[in-house]
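Presented below is the structure to which this report refers.
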Amino acid sequence: MFYPRIHFFAAHVLAALLYLCFVQGWLTAGFIAGKDLNYTLSVLAVAITLGGVYFCLRLLSLQRIRQRFQGISQEEAARRYQQVAGWRTVLLLIVYLTDIILYFGSAGYASSAKYCLIIALIAAVFCWPSKSEQQSLTTDNA
């Protein structure tokens, strides 16, 4: 079974549930007050999203990560790929949750956090764990 896809799907379901809780009013929105604080949190949302998305997209290109796949068996490579894909999914989830909380937490629903969430969701399309990605890591370095 290919577990990274299950984890990837579960992360999106968890983010959607948090979004739904705020939309339905089960969680209180607008708990962050202050004009300067809202601006600071909007900048924080942009920084976390850009940094997190960039790192998610470039994670498998990092030399240190690629070295972990050199000279190992296919079974070990599959296990390590599942681990790295899990890290990437957790990082995406952190970006999602941060953007959702900052969007609903700000008094005026900061639109920058909403757009940051949309950017992260678009980037997630390119972070889909695939067997071909796993095989490219092992065949290039085997």
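Computed from a prediction, not measured in an experiment: that's the story for all the values here. Any value given below was found using the heavy atoms of this structure, including those in side chains, with hydrogens, waters and symmetry copies removed.
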Worksheet item: Mind checking whether Leu14 and Leu117 sit in one hydrophobic cluster, side chains of I, L, V, M, F, W, Y counted as touching below 4.5 Å?
Response: yes
Worksheet item: Do Phe104 and Phe31 make the cut of ring centroids closer than 6.0 angstrom?
Response: no
Fill in: Co-membership, hydrophobic cluster, residues Leu50 and Leu44, 4.5 Å side-chain
no
Worksheet item: How long is the span from the CD1 atom in Ile48 to the CG atom in Asp99, to the nearest 0.5 Å?
Response: 7.5 Å
Discussion item. Has Ser106 got a side-chain atom pairing as donor or acceptor with Tyr103's backbone, closer than 3.5 angstrom?
Written reply: yes
Worksheet item: What salt bridge (Lys or Arg N to Asp or Glu O under 4.0 Å) pairs are there with at least one residue in residues 77-86, not counting sequence neighbours?
Response: Glu76-Arg79, Glu76-Arg80
Practice prompt. Evaluate the side chain to side chain contact (heavy atoms under 4.5 Å, CB included) criterion for residues Trp128 and Arg5: first the C-alpha distance (whole Å), next the side-chain angles of each, then the deciding distance (0.1 Å), finally the verdict.
Written response: CA-CA 7 Å; Trp128 175 254; Arg5 289 184 181 173; 3.3 Å; yes
Worksheet item: For the residue pair Thr89 and Ala11, what are the closest heavy atoms and their distance?
Response: CG2-CB, 3.6 Å
Practice prompt. Go through the steps to decide whether Tyr115 and Ile118 satisfy the test side chain to side chain contact (heavy atoms under 4.5 Å, CB included), and finish with yes or no.
Written response: CA-CA 5 Å; Tyr115 294 124; Ile118 292 169; 4.1 Å; yes
Item to complete: Look at the side-chain heavy atoms of Ile, Leu, Val, Met, Phe, Trp and Tyr, link any pair under 4.5 Å apart, and say whether Ile119 and Phe55 land in one connected group.
Response: no
Discussion item. Please verify the inter-ring angle class for Phe8 with His12; under 30° counts as parallel, over 60° as perpendicular, anything in between as tilted.
Written reply: tilted
Discussion item. If you apply the rule side chain to side chain contact (heavy atoms under 4.5 Å, CB included), what do you find for Leu59 with Leu62, and how did you get there?
Written reply: CA-CA 6 Å; Leu59 184 64; Leu62 296 175; 4.1 Å; yes
Item to complete: Look up atom SG in Cys127 and atom CD1 in Ile122, then write down how far apart they are to the nearest 0.5 Å.
Response: 12.5 Å
Worksheet, complete the sentence: Output for pair (Cys56 SG, Leu93 CG), nearest 0.5 Å, gives 10.5 Å
Worksheet item: Is Leu102 linked to Leu18 within one hydrophobic cluster, defined over Ile, Leu, Val, Met, Phe, Trp and Tyr using a side-chain heavy-atom separation of less than 4.5 Å?
Response: yes
Worksheet item: With the 4.5 Å side-chain cut-off for hydrophobic clustering, are Val53 and Ile100 part of the same group?
Response: no
Discussion item. Between Arg64 and Arg68, does the side chain to side chain contact (heavy atoms under 4.5 Å, CB included) criterion hold? Intermediate values first, please.
Written reply: CA-CA 7 Å; Arg64 185 158 172 93; Arg68 294 190 62 186; 5.6 Å; no
Worksheet item: Any idea which heavy atoms bring Tyr81 and Pro129 closest together, and the distance?
Response: OH-CA, 3.4 Å
Fill in: Value rounded to 0.5 Å, distance of CD in Gln24 from CG in Leu17
11.5 Å
